[in-house]
Amino acid sequence: MVSLSGAFQAWSAVRITQSLEEGKRTQAFSKQILDQMDNLTGDNETKGKVALIGLYIIAANDKDKMNIANIALQSGKSNLRDAAAFLLRQECKELPELSTCKNALDMLARTEDVSVQRQVRKEDKLIDQSQGALQQDAVETIPVQPSPVALALEEITTAKIAATDLQGWIYVGKADASGALRDDRTINVPKKPAPNVDVTTTTSVYLRSQGTIRSGSSLGIIPRGQVLRIYALSSRPLAGGMEAVWAKVKTQRGSVQGVP
């Protein structure tokens with residue numbers, strides 16, 4: 001009993017010491033952030049990027065790195081957001097199995113989705129202002145636009161697919177009454193696919209938690225040339241007898257093919 005009590009006291013002393021040291025380290029790191037705040041929030045974009053990269057490099061652990069990146073992504077400053085995306089891309093594209101890279105993927109997906117929803121609202125407004133607009137004309141999807149955040153998100157998603165399978169919904173395209181897909185299709189088959197078939201993406205496409213661009217959340221960006229197994233379909237009626245088609249898919253691990 002005495003030995004157990006002594007061991008517990010020793011363990012408690014170590015834990016208290018570790019907590020105190022962690023508190024001191026966090027306090028010191030917070031001071032470093034405050035010392036660089038003028039650079040991070042000022043008008044000089046170069047100084048802001050240098051300050052951010054410096055803080056990221058000196059971060060004592062992965063948690064601090066993710067906190068710094070998250071602050072930058074949500075800062076509202078494009079230069080800090082793009083620099084954070086670059087840092088996360090370099091950190092995780094080669095080692096997606098790192099626990100921090102799931103956080104990186106989630107942070108980038110949330111940041112990209114903010115941009116997507118802003119674009120949806122913008123296009124919806126343009127449609128509402130046009131003459132003869134119908135409810136069926138509402139925006140159904142937003143194509144992936146090149147940006148540092150989108151590039152980082154796609155590369156980290158691609159690296160994750162090489163290690164594990166991902167599931168979610170993608171926009172397939174608009175289909176007419178015969179099932180023929182129009183020019184906005186994202187897969188290599190010309191007609192509306194059936195469940196339990198494999199298709200290949202012909203463009204980068206958002207992977208989402210629900211079969212719509214308007215709700216749910218972004219799970220990543222599927223790269224062009226990725227083989228997907230379709231498990232279910234969802235459609236929404238559009239004007240002129242058309243329908244917008246979404247598919248619930250699962251990636252095939254490591255299966256990226258060349259697409260003409």
Side-chain angles (χ1 to χ4, degrees), residues 62 66 69-70 73 85 88-116 140-173 175 181 184-235 244-260:
D62 290 335
M66 292 301 106
N70 197 34
L73 289 172
L88 293 174
R89 173 188 168 200
Q90 297 303 116
E91 186 94 13
C92 295
K93 69 177 182 179
E94 300 297 339
L95 296 170
E97 67 275 9
L98 293 177
S99 59
T100 54
C101 290
K102 182 185 183 302
N103 294 332
L105 182 67
D106 292 342
M107 288 190 300
L108 288 166
R110 286 196 301 270
T111 303
E112 180 69 4
D113 209 30
V114 169
S115 176
V116 167
E140 188 61 35
T141 190
I142 298 294
V144 176
Q145 300 295 324
S147 73
V149 171
L151 178 60
L153 181 56
E154 181 170 335
E155 287 199 5
I156 295 175
T157 305
T158 302
K160 188 171 182 179
I161 290 171
T164 186
D165 294 334
L166 298 181
Q167 296 186 57
W169 290 82
I170 67 163
Y171 176 72
V172 170
L181 294 172
D184 70 337
R185 66 187 171 103
T186 62
I187 58 176
N188 64 329
V189 295
K191 302 199 70 172
K192 179 179 175 181
N196 300 315
V197 299
D198 290 343
V199 297
T200 302
T201 55
T202 56
T203 185
S204 300
V205 61
Y206 291 110
L207 183 69
R208 300 191 61 81
S209 62
Q210 298 180 18
T212 173
I213 199 71
R214 297 174 179 276
S215 61
S217 58
S218 175
L219 303 176
I221 296 178
I222 301 296
R224 182 175 185 265
Q226 176 64 51
V227 178
L228 303 171
R229 169 58 61 95
I230 293 180
Y231 286 98
L233 295 172
S234 175
S235 300
V245 183
W246 287 75
K248 186 176 183 180
V249 300
K250 182 177 181 180
T251 62
Q252 306 295 300
R253 189 179 309 176
S255 53
V256 177
Q257 299 180 353
V259 178

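Excluded from the calculations below are hydrogen atoms, water molecules and symmetry mates; all remaining heavy atoms, backbone and side chain alike, are included.
In terms of heavy atoms, Val189 sits closest to Arg185 at O-NH1, 3.2 Å. The two residues Ala104 and Leu88 have their closest heavy-atom pair at CB-CD2, 3.9 Å. Contact record, Pro195 with Tyr231: CB-O, 3.7 Å, taken as the closest heavy-atom pair. Across all non-hydrogen atoms, the minimal contact from Leu233 to Ala247 is CD2-CB, 3.7 Å. Minimum heavy-atom separation, Val245 to Ser235: CG2-OG, 4.0 Å. For the residue pair Gln226 and Ile161, the shortest heavy atom distance occurs at OE1-CG2, 3.6 Å.
Of the inter-residue distances, the one linking Lys248 atom NZ with Ile230 atom CD1 reads 13.0 Å to the nearest 0.5 angstrom. If you take SG on Cys92 and CD on Glu155, they are separated by 11.5 Å, rounding to the nearest 0.5 Å. Ile221 CD1 to Thr157 OG1: the interatomic distance, rounded to the nearest 0.5 Å, is 6.5 Å. With rounding to the nearest 0.5 Å, the separation of CG in Asp184 from CD in Glu140 is 9.5 Å.
A donor-acceptor contact shorter than 3.5 Å is absent between the side chain of Arg208 and the backbone of Gln210. Using modelled atom types, one side-chain atom of Ser209 and one backbone atom of Ser217 make a donor-acceptor pair closer than 3.5 Å. Here the side chain of Thr186 pairs no donor or acceptor atom with the backbone of Thr203 at under 3.5 angstrom.
Contacts of Gln167 classified as side-chain hydrogen bond (donor to acceptor under 3.5 Å, both in side chains), with partners at least two apart in sequence or in another chain: none. Residues satisfying the side-chain contact (heavy atoms from CB on, under 4.5 Å) criterion with Arg110, sequence neighbours excluded, are Asn70, Asp106, Met107. Every residue two or more places apart in sequence or in another chain that forms a salt bridge (Lys or Arg N to Asp or Glu O under 4.0 Å) with Lys192 is listed here: Glu243. In this structure, Tyr206 has no ring-ring contact (aromatic ring centres under 6.0 Å, His included) partners at least two apart in sequence or on a different chain. Arg229 meets the salt bridge (Lys or Arg N to Asp or Glu O under 4.0 Å) test with Asp198; sequence neighbours excluded. For Leu207, the side-chain contact (heavy atoms from CB on, under 4.5 Å) test picks out Leu166, Ile170, Leu219, Ile222, Val249, with sequence neighbours left out.
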Can you give the donor-acceptor pairs under 3.5 Å from side chains of residues 142-154 to other protein atoms, not counting sequence neighbours?
from	atom 1	to	atom 2	distance (Å)
Ser147	OG	Ala150	N	3.0
Glu154	OE1	Ser204	OG	2.9
Glu154	OE2	Ser204	OG	3.1

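Side-chain contact check for Thr251 versus Leu228: some heavy-atom pair is nearer than 4.5 Å. Between Trp246 and Val172, every side-chain heavy-atom pair lies at or beyond the 4.5 Å cut-off. Between Ser218 and Val116 there is no side-chain heavy-atom pair separated by less than 4.5 Å.
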